[in-house]
Amino acid sequence: MEEIFENLNDEQRRAVEHIDGPLLILAGAGSGKTKTITSRLAYLLDVVGVSASNTLTLTFTNKAAKEMRFRALSLIKQNTYPPLLCTFHKFGLLFLKFNIHLLNRENNFVVIDSDDKKKIIKKINSQIATPLVASEISRYKNSIMSPDEAYKQAEFHQYQQIAKIYDEYERYLQENNLLDFDDLLVLTYKLLEQNNNLRLQTSNKYKYIMVDEYQDTNELQYKLLRLLSSEHNNLCVVGDDDQSIYGWRGAHIRNILEFDKDFDNVNTVTLENNYRSQPNILKVANALIVHNRSRHNKTLKATRENGKEVVTLSSSDENEESRKIAKLIKSLIDEGTEAREIAVLYRINALSRSIEDGLNRNGIAYRLVGGLRFYDRAEIKDLISYFRVITNLHDDFSLKRIINKPKRGLGKASIDKIESAAFNAQVSIFSFLNDASLDDLVTLVKKKNANTIKAFLDELVYLKKISEESSYTFLDKFIEHIDIKKMYASSPDESEKVQNIDEFYALYRDYIKQNPSSTLDDFLNEVTLQSDQDQVEGESIYIMSIHASKGLEFKHVFIIGLEEGFLPLNSEGSDLEEERRLAYVAYTRAKDTLSLSHVNSRYYKGRRSDVDKSRFFNESGLAGGSLKLENKSAYKKGDLVRHKIFGAGRVLGVSKAGKEIKLHINFAGSKRDILASFVEKL
DNA sequence: ATGATAACAGTTTTT
DNA sequence: CTGTTATCAT
């Protein structure tokens with residue numbers, strides 16, 4: 001027990017010791033959030049005596065789940081099996097494995113990823129842009145809206161069309177027993193909602209629920225949590241409204257802002273002590289974030305000693321910018337800083353190119369985080385499809401992907417013919433092909449192809465048999481019979497693809513070794529919900545988008561592209577407050593030094609344009625020497641401005657107040673002095 | 001069936 | 001300028 005409290009501050013300790021009833025932990029950046037959650041879990045098990053099986057801890061990413069599991073297990077002293085600590089989606093998957101029969105579906109479903117989803121949509125419709133349809137379907141599902149309801153509420157023809165596609169899409173998933181990512185949560189919610197006994201039983205099982213990154217939950221996750229905690233209200237949520245940067249993909253910041261209204265008798269603990277950054281960095285971050293209106297009031301308090309001032313880097317264009325930054329990084333490394341302690345962050349991935357150039361020219365090794373993920377690569381998806389077909393020969397969706405890989409002379413036309421013939425016969429593609437005689441097949445495809453199809457089916461059946469006999473020998477036989485590597489051996493980026501294939505085989509072997517009793521099916525389920533694998537840390541610096549940097553920390557952080565139109569992105573399309581939170585997240589990644597870079601001219605989308613310094617410099621109190629009254633971004637008498645509280649007003653006079661500019665403004669008759677950083681120019 | 005070229009669009013991303 | 005998709009010859 002002593003050990004759990006070691007190194008916890010008073011607030012953290014209060015959060016850990018709170019047992020019953022709803023608890024909101026507002027955990028500022030670098031305030032020891034993970035430590036608090038994992039300590040609380042250990043406290044529940046070791047001190048309060050709660051059984052591990054009565055707890056549920058939910059995260060958004062596998063990475064977070066993994067780290068928490070590791071840290072929690074090192075704290076828990078009691079000899080117990082590990083508590084359930086997983087992503088929302090993994091929880092849905094487990095829950096559905098046990099309960100989906102209540103919806104009259106079999107639990108041998110296959111989870112498809114967003115790529116698969118788009119393919120299905122594309123097949124159904126070719127008129128409306130697939131990404132739009134995909135995101136609308138996701139929206140409907142997350143609002144628990146049936147295709148019928150979506151159709152009724154559609155105001156425009158196009159949205160009626162989308163509702164129809166949604167209807168067909170749902171039917172396709174059901175017929176093939178597929179679930180998309182949304183389904184894992186939606187169906188879990190529906191089951192709990194429609195089945196009172198199940199709700200009762202489930203809520204009573206998970207008596208103590210914790211949710212990480214609560215500011216990122218969407219409406220559906222919120223509703224799901226309500227049902228899960230309905231019998232006890234022992235819901236502990238942890239998050240930071242100031243770090244809510246996923247509004248664009250449905251996260252509801254209101255969930256964390258109004259948690260205390262949503263639940264009765266909420267206890268709130270605010271963690272404001274920051275153990276990560278030096279005071280100068282926090283000063284700038286705090287100055288920026290107070291400009292947001294929708295937030296819980298809190299201020300990060302420094303615990304570290306002061307260090308270097310936050311640096312502003314001004315350059316004429318992106319080439320100069322990257323040159324400067326590369327030089328600075330080089331000298332840091334020369335001074336002995338470990339490369340992995342340095343990161344360059346940007347708002348949009350397109351900005352990575354220029355910084356990559358600069359780093360390359362200076363011989364600085366970098367690791368670009370993001371980009372195409374391992375499991376999204378074509379060669380890996382091919383392998384997964386093969387494995388899926390082998391576990392379930394009637395998985396038409398996967399079979400279609402691999403039927404011509406390696407090439408068997410079957411193009412789109414032939415596959416379409418086969419598919420519709422199978423559809424008419426009301427059987428799976430496999431059954432259709434397997435039952436058909438060679439003569440039957442010849443009516444659909446060329447004689448030569450008919451033979452290869454038959455041979456292909458035999459191989460699948462053979463491999464299925466092997467896979468059921470032994471997960472160990474399966475892979476060797478698979479490689480022996482299906483030579484995927486050869487297929488990619490002649491492609492331009494050959495070596496990388498072959499490496500990926502080997503990597504995947506290694507993952508399989510590893511999995512079987514660690515879970516000897518597991519089946520191929522278990523492996524596949526694990527793999528679909530897995531996105532990023534652990535990056536091996538090497539002697540290279542990191543470059544990544546700000547979104548990708550959330551949750552990480554570095555001694556030295558460089559943020560590039562702090563310009564109007566880049567950060568903040570564009571004031572119209574995106575939410576300015578979310579853009580500000582994004583800058584805040586970026587600032588608070590820094591431990592020792594923070595450098596903010598902007599240029600006067602940037603090359604983007606094939607053309608060069610002039611860009612203004614981001615308003616966030618002013619808002620962060622970093623106006624510095626470049627604040628000139630005749631500067632075109634500065635204010636002058638007669639300008640229209642808007643203040644968060646006082647609304648629109650007209651500038652009557654401009655003066656200096658230290659580093660800041662002070663404006664005398666007329667707001668509908670009431671005249672006030674306001675610092676320029678607190679208003680927006682109209 | 002497959003490879004080559006034209007047309008086009010273009011934040012952020014996990015599961 | 002890129003990467004992706006639609007269309008067109010072979």
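The analysis underlying the following values was restricted to heavy atoms, covering all of them including side chains, and did not include hydrogens, waters or symmetry mates. In what follows, chains carry the letters A, B, and so on, assigned in the order in which the sequence lines appear, proteins first and then strands, with residues in each chain numbered from 1.
Cation-pi contact between A:Arg254 and A:Tyr222: present, with separation from the ring centre below 6.0 Å and deviation from the ring axis of at most 45°. Relative to the six-membered ring of A:Phe566, A:Arg602 meets both conditions, a distance below 6.0 Å and an angle of at most 45° to the axis.
The gap from the C1' atom of C:dG3 to that of B:dT14 amounts to 22 Å, rounded to the nearest Å. Atom name C1', nucleotides C:dT5 and B:dT12: the rounded distance is 23 Å, in whole Å.
To the nearest angstrom, C1' of C:dG3 lies 15 Å from CD1 of A:Ile348. Whole-Å rounding puts the A:Arg377 CZ to C:dG3 P distance at 14 Å. Across the protein-nucleic acid pair, A:Leu132 atom CG and B:dG10 atom P stand 12 Å apart, rounded to whole Å. Residue A:Leu567 contributes atom CG, which lies 13 Å from atom P of B:dT12 at whole-angstrom precision. Computed from coordinates, the A:Lys405 NZ to B:dT2 C1' distance equals 14 Å when rounded to whole Å. Between A:Arg347 atom CZ and B:dT13 atom P there is a gap of 9 Å when expressed in whole angstrom units. Rounded to a whole Å, the CD1 atom of A:Ile415 is 8 Å from the P atom of B:dA1. A straight line from CD of A:Glu318 to P of C:dC1 spans 13 Å, rounded to a whole angstrom.
Note on A:Lys122: a side-chain N or O is less than 4.0 Å away from OP1 or OP2 of C:dA6. The side chain of A:Ser545 places an N or O atom within less than 4.0 Å of a non-bridging phosphate oxygen (OP1 or OP2) of B:dT13. Within the 4.0 Å cut-off from OP1 or OP2 of B:dT2, at least one side-chain nitrogen or oxygen of A:Asn404 is found. Between A:Asn349 and B:dT13, a side-chain N or O to OP1/OP2 separation shorter than 4.0 Å is present.
Within the nucleic acid shown, A:Tyr603 comes within 4.0 Å of sugar-phosphate atoms alone, with no base atom in reach, counting heavy atoms only. Here A:Ser114 lies in heavy-atom contact (under 4.0 Å) with a base. A:Phe88 comes within 4.0 angstrom of nothing in the nucleic acid, heavy atoms only. Residue A:Leu410 is in sugar-phosphate contact alone, with no base atom involved, counting any heavy-atom pair closer than 4.0 Å across all strands shown. Residue A:Arg353 is classed as a sugar-phosphate contact, given heavy-atom separations below 4.0 Å to backbone atoms only.
Comparing A:Gly409 and A:Gly606 by the nucleotide of DNA chain B whose heavy atom lies nearest to each, the residue mapping closer to the 5' end is A:Gly409. Annotation: of the two residues near DNA chain B, A:Lys407 and A:Ala548, the 5′-most nearest-nucleotide partner is A:Lys407.
The residues A:Glu419 and A:Lys400 are annotated as salt-bridged, a charged nitrogen and a carboxylate oxygen being separated by less than 4.0 angstrom. Using a 4.0 Å cut-off between charged side-chain N and carboxylate O, A:Asp113 and A:Lys381 make a salt bridge.
In the set B:dT13, C:dT2, B:dT11, the nucleotide with an atom closest to the side chain of A:Trp248 is B:dT13. Picking from B:dT13, B:dT12, B:dA1 the nucleotide with the shortest atom distance to the side chain of A:Tyr246 gives B:dT13. Closest to the A:Arg249 side chain, of the nucleotides B:dT11, B:dT2, B:dT13, is B:dT13. If you check B:dT12, B:dT11, B:dA1 against the side chain of A:His547, the one that comes closest is B:dT12.
Checked against a 6.0 Å centroid threshold, the rings of A:Phe616 and A:His291 do not count as neighbours.
One side chain, A:Glu321 or A:Ser597, offers a donor N or O that lies under 3.5 Å from an acceptor on the other.
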